[in-house]
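Because the structure is a prediction, the values reported are computed rather than measured.
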Amino acid sequence: MTSLIDELKIILHGVWQRRWLAMAVAWALSLIGWLVVAMIPNSYESRARVLVQMNEVVPDASSNPLDQQRRFDQLRQSIASARNLEQVAVTSGMIDRAADDRARAAAAAGLQKSTKIEATPDNIVTLTVALGGGGRSNAQNAALVTRVVETMIAVFRDEQIRGGAANAQQNIRFIDGQMAEIQTKLTAAESARAGFEARNIGRLPGAGSASIRVESARSELSQIDTQLAAAQSGLASATAQLAS
């Protein structure tokens with residue numbers, strides 16, 4: 001035990017003799033670490049939650065949660081499409097409007113990596129964009145990421161409006177087709193009724209149109225039913241008297 005304590009004292013004495021060298025190495029490592037941390041660009045994140053209403057003029061009776069999830073998957077693909085992200089990059093000022101196709105494609109690819117899109121069953125779409133570096137200052141990145149999210153929402157909204165107008169036109173054409181089919185059936189039914197009246201109007205008593213004769217016949221039938229009910233009541237009364 002004594003020898004172990006002596007060895008520990010010797011080690012500590014050696015470290016103390018080289019304390020300045022140890023401090024220099026520690027400071028050098030700290031400076032290198034600080035430089036590495038300082039070279040890492042700050043990342044700024046902007047998040048937005050959008051309520052998407054999936055209204056349909058002609059609802060599908062066979063719709064189910066899987067269909068709704070498929071619609072939201074289509075929404076995510078629409079938001080993160082290369083064409084839309086290129087427009088976002090230009091409109092938000094991320095790249096110059098005179099940039100070539102290669103620069104636009106690179107900006108769109110960068111936005112795709114920096115963008116996270118989540119959809120929930122309660123029709124909420126969450127957009128999250130994180131940007132940093134790119135030769136811009138921290139203040140520029142902080143302002144840019146906000147503009148990117150706002151522009152992304154605006155582009156998505158405009159595209160949905162155009163898509164909604166196209167769907168509305170398609171639904172209107174469908175309704176017009178259904179109305180034309182119903183009108184054709186109604187015309188055929190009216191023709192059949194007119195033909196039936198023409199063939200059987202002579203069999204109805206009275207004068208006037210078929211509808212007037214039918215109403216007259218119904219009135220007479222109602223009177224006959226009343227008289228028959230009265231006769232049945234009298235018969236029942238007579239039967240009761242005979243039985244007594």
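Between Leu228 atom CG and Ser233 atom OG the span is 11.0 Å, to the nearest 0.5 Å. Here the CD-OG distance, from Gln232 to Ser237, works out to 13.5 Å after rounding to the nearest 0.5 Å. Met179 CE to Leu186 CG: the interatomic distance, rounded to the nearest 0.5 Å, is 11.5 Å. To the nearest 0.5 angstrom, Ile95 atom CD1 is 8.5 Å from Leu111 atom CG. Atoms NZ and CD, from Lys116 and Glu45 in turn, are 8.5 Å apart once rounded to the nearest 0.5 Å. Atom CD1 in Ile175 sits 10.5 Å away from atom CD1 in Ile182 (nearest 0.5 Å).
Taking all atoms of both residues into account, the shortest heavy-atom contact from Val149 to Ala48 is CG1-CB, 3.6 Å. Arg97 and Thr91 make their closest contact through NH2-CA, 4.2 Å (heavy atoms, listed as atom of the first residue, atom of the second, distance). Here the shortest heavy-atom pairing between Tyr44 and Val145 reads O-CG2, 3.6 Å. Of all non-hydrogen atoms in Ala108 and Leu85, the two that sit nearest each other are O-CD1, 3.6 Å. Closest approach of Arg104 to Val90, counting heavy atoms only: NH1-CG2, 3.3 Å.
The closest side-chain donor-acceptor pair between Asp225 and Ser222, if any, does not fall under 3.5 angstrom.
Taking 4.5 Å as the limit, every side-chain heavy atom of Ile117 sits out of range of all side-chain heavy atoms of Thr126. Side chains of Ile124 and Val50 form no contact here, defined as non-hydrogen atoms less than 4.5 Å apart. No side-chain heavy atom of Thr128 sits less than 4.5 Å from a side-chain heavy atom of Thr115.
Proximity of a side-chain donor or acceptor of Arg147 to a complementary backbone N or O of Ser92 within less than 3.5 Å is detected. Distance alone, capped at 3.5 Å, is enough to place a donor-acceptor pair between the Thr184 side chain and the Ala180 backbone. Judged by distance alone, with hydrogens and angles left aside, the side-chain atoms of Thr187 form a donor-acceptor pair with the main-chain N or O of Gln183 at under 3.5 Å. Judged by distance alone, the side chain of Arg47 and the main-chain N or O of Val129 form no donor-acceptor pair under 3.5 Å.
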Candidate pair Met152 and Leu127, rule side-chain contact (heavy atoms from CB on, under 4.5 Å), full reasoning
CA-CA 9 Å; Met152 192 175 295; Leu127 304 177; 4.2 Å; yes
